[in-house]
Structures are given as C-alpha cells and as structure tokens.
Amino acid sequence: MERTDMFTGIVEELGTVAAIEDQGDAIRLSIRASTVLEDAGLGDSISVNGCCLTITTYDADTWTADVMQETLDKTSLYGVRPGDRVNLERAVTADKRLGGHIVQGHVDGVGTVLSRTPSEHWEVVEISLPTELSRYLVDKGSITVDGVSLTVVEAGTDRFTVSLIPETLARTTLGARQPGDRVNLEVDIIAKYVERLLPHAGGQQ
C-alpha cells in the first residue's frame, strides 16, 4: 500500500541538485543536503519543491530519489539541472509543531510567476494558476507554492498574489524565482474535502 505522508510547508533547508541520471521513463535525482539527512532512513519521504519523493539511497551529504515520468510531466521538476536549488522538508512527525498548514506533497498544478513587486518590508508576487484550481482559493486562505506554505492575498480566476517576507525570500527558492519561472502548486486539502461534502449536505439536518 502506498504511504501518505504529511508536510507543513515550512522549508527546512535549501538543497542542491547534485546529479540527474536519465532512466528512460524516469530520472534518478541526487540532492545534496544536510538537515533533512540528520535522521534519514531508506523509504523516508522528503518534499522537494512541494513534491513528495522517497529516499532510495543516501550517504552523509547526498540522497537520491526516483522520479517517474508522470511526476515530471505534471510538476516543475521537469527541467531541473545540477546546481539548481530546491526546497526540502521532511515528513512531519506527531511531536512536531504544525507551523504552516496540512500539505500532502501532491502537486495539483503548475503555475508561472507573473510579476514581483518589492516594498520596504515584503514583496508581492503574482502567480498564474490553472483555472480549475481557482475554486479552492480564497483571500487569506492557504496555498503551497514550491513546497512553501503561503497565505493568499488576493485570489483571482486564473492568478493569485502572495506576500513574501524577508525570511521566506532568504530561506526558500521563492527569493530567486523570476517572471516566467514555473512553480508547483498544491491547494488546501480542507477545501477539497469541503467541496466533496457540500453536494450531500442538503439532505442532513
């Protein structure tokens, strides 16, 4: 049975893509890291730019994961190259604080950075999203962008904005994303459950 791990969207460290091995219908992705390897074990899950991947091998400073073609087709991991920085987070444990929101590491779609507007204390970033995902977004609601738990400032039908504080800009890949860059999006799982339940709510008292 496939495991379903949970994340919080709080990035633990920036890793670096060390190598990519083409396997035809998949790639073997090697990532250099430190924090996420402190208690690592084979089969553990790590979120890479919001994609839940499984450790297949590891040593003191590098771990590998097999990324299937379907994942490459549906996420921004397609096109990653050695030297690229990636957001990393270990699966949450029962004794860990839920600092962000419930994140599954299952990418719902890929958006594109449209614009960045800096200000004195934060930066407003506008990101496109597939229109079928817009129903899950609300102002002040949660969304995960490249594995980072963020609060939606303004939700539109095909785009949304978020405000990034200096800590987020410095500690995640979002500080370097430029207009035209693709990012992984995961909407709030609670919104999906609410949508699923609403058609059946009318008959209940």
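Shown here for R171 and E167, the closest heavy-atom pair between the two residues is CD-OE2, 2.5 Å. Taking every heavy atom of both residues into account, H101 and D188 meet most closely at CD2-OD1, 4.2 Å. Taking both residues in full, the closest heavy atoms of P82 and A18 are given as CB-O, 4.0 Å, listed atom of the first, atom of the second, then distance.
Of the possible polar contacts, none joining the E13 side chain to the N87 backbone as a donor-acceptor pair under 3.5 Å is found. Remark: the backbone N or O of I46 is not paired with any side-chain donor or acceptor of E89 at under 3.5 angstrom. A donor-acceptor contact shorter than 3.5 Å is absent between the side chain of T62 and the backbone of D59. Between the T71 side chain and the V67 main chain, no donor and acceptor come within less than 3.5 Å of each other. Of the possible donor and acceptor atoms, none in the side chain of T168 sits under 3.5 Å from a partner among the backbone N and O of L164. Of the possible donor and acceptor atoms, none in the side chain of T144 sits under 3.5 Å from a partner among the backbone N and O of G147. Of the possible donor and acceptor atoms, one in the side chain of T64 sits under 3.5 Å from a partner among the backbone N and O of T57. The backbone N or O of A91 sits nowhere less than 3.5 Å from a side-chain atom of D5 that would complete a donor-acceptor pair. Side-chain atoms of T112 do not come within 3.5 Å of backbone N or O of S128 as any donor-acceptor pair.
The CG atom of D39 sits 7.0 Å away from the CG atom of D44 when rounded to the nearest 0.5 Å. Taken from CG in L77 to CG in D73, the straight-line distance is 11.5 Å, to the nearest 0.5 Å. The distance from the CZ atom of R116 to the OG1 atom of T161 is 13.0 Å, given to the nearest 0.5 Å. Of the inter-residue distances, the one linking T16 atom OG1 with L88 atom CG reads 8.5 Å to the nearest 0.5 angstrom. Distance CH2/W63 to OG1/T56: 8.5 Å, rounded to 0.5 Å. Rounded to the nearest 0.5 Å, atoms CZ (F7) and SG (C51) are 10.0 Å apart.
Put simply, the side chain of Q69 does not reach to within 4.5 Å of the side chain of I27, judged on heavy atoms. Residues L133 and Y136 have side chains in contact (heavy-atom distance under 4.5 Å, counting atoms from C-beta outward). Here the side chains of V17 and L29 are in contact, with some heavy-atom distance below 4.5 Å. Residues T117 and E123 are not in side-chain contact: their nearest non-hydrogen atoms beyond the backbone lie 4.5 Å or more apart. A 4.5 Å side-chain heavy-atom check between V152 and L137 finds at least one atom pair inside the cut-off. Side chains of Q23 and D66 form a contact here, defined as non-hydrogen atoms less than 4.5 Å apart. Side-chain atoms of S45 and C52, non-hydrogen and from C-beta on, do get closer than 4.5 Å to each other.
Electrostatic pairing of D108 and K192 counts as a salt bridge here, judged by a charged N lying under 4.0 Å from a carboxylate O.
For E38, the CD atom is densely surrounded, since the number of other residues' heavy atoms within 6.0 Å is greater than 12.
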Q: Go through the steps to decide whether V125 and V113 satisfy the test side-chain contact (heavy atoms from CB on, under 4.5 Å), and finish with yes or no.
A: CA-CA 7 Å; V125 179; V113 176; 4.1 Å; yes

Q: Would you please test L14 and T173 for side-chain contact (heavy atoms from CB on, under 4.5 Å) and show each step?
A: CA-CA 7 Å; L14 279 169; T173 61; 3.5 Å; yes

Q.
R159 vs I127, test: side-chain contact (heavy atoms from CB on, under 4.5 Å). Steps then yes/no.
A. CA-CA 5 Å; R159 62 193 63 202; I127 301 171; over 6 Å; no

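Both L42 and L37 belong to a common hydrophobic cluster when Ile, Leu, Val, Met, Phe, Trp and Tyr are linked at side-chain heavy-atom distances under 4.5 angstrom. Two different hydrophobic clusters hold I189 and I143 under the rule that ILVMFWY side chains link at heavy-atom gaps under 4.5 Å. Cluster membership for V145 and V110, using ILVMFWY side-chain heavy atoms within less than 4.5 angstrom, is not shared. At a threshold of 4.5 Å between side-chain heavy atoms, the hydrophobic network of Ile, Leu, Val, Met, Phe, Trp and Tyr places I102 and V107 in two separate groups. Note on V36 and V11: separate hydrophobic clusters, where clusters join Ile, Leu, Val, Met, Phe, Trp and Tyr whose side-chain heavy atoms are under 4.5 Å apart, directly or indirectly.
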Review item, side-chain donor-acceptor pairs of residues 177-186, under 3.5 Å, at least two apart:
unit_1: R177; atom_1: NE; unit_2: D146; atom_2: OD2; d: 3.1
unit_1: R177; atom_1: NH2; unit_2: D146; atom_2: OD2; d: 3.0
unit_1: Q178; atom_1: NE2; unit_2: A176; atom_2: O; d: 3.4
unit_1: D181; atom_1: OD2; unit_2: Q178; atom_2: N; d: 2.8
unit_1: N184; atom_1: OD1; unit_2: S76; atom_2: N; d: 2.6
unit_1: N184; atom_1: OD1; unit_2: S76; atom_2: OG; d: 3.2
unit_1: N184; atom_1: ND2; unit_2: N49; atom_2: O; d: 2.9
unit_1: N184; atom_1: ND2; unit_2: S76; atom_2: OG; d: 3.0
unit_1: E186; atom_1: OE1; unit_2: G105; atom_2: N; d: 2.9
unit_1: E186; atom_1: OE1; unit_2: H106; atom_2: N; d: 3.3
unit_1: E186; atom_1: OE2; unit_2: Q104; atom_2: N; d: 2.8

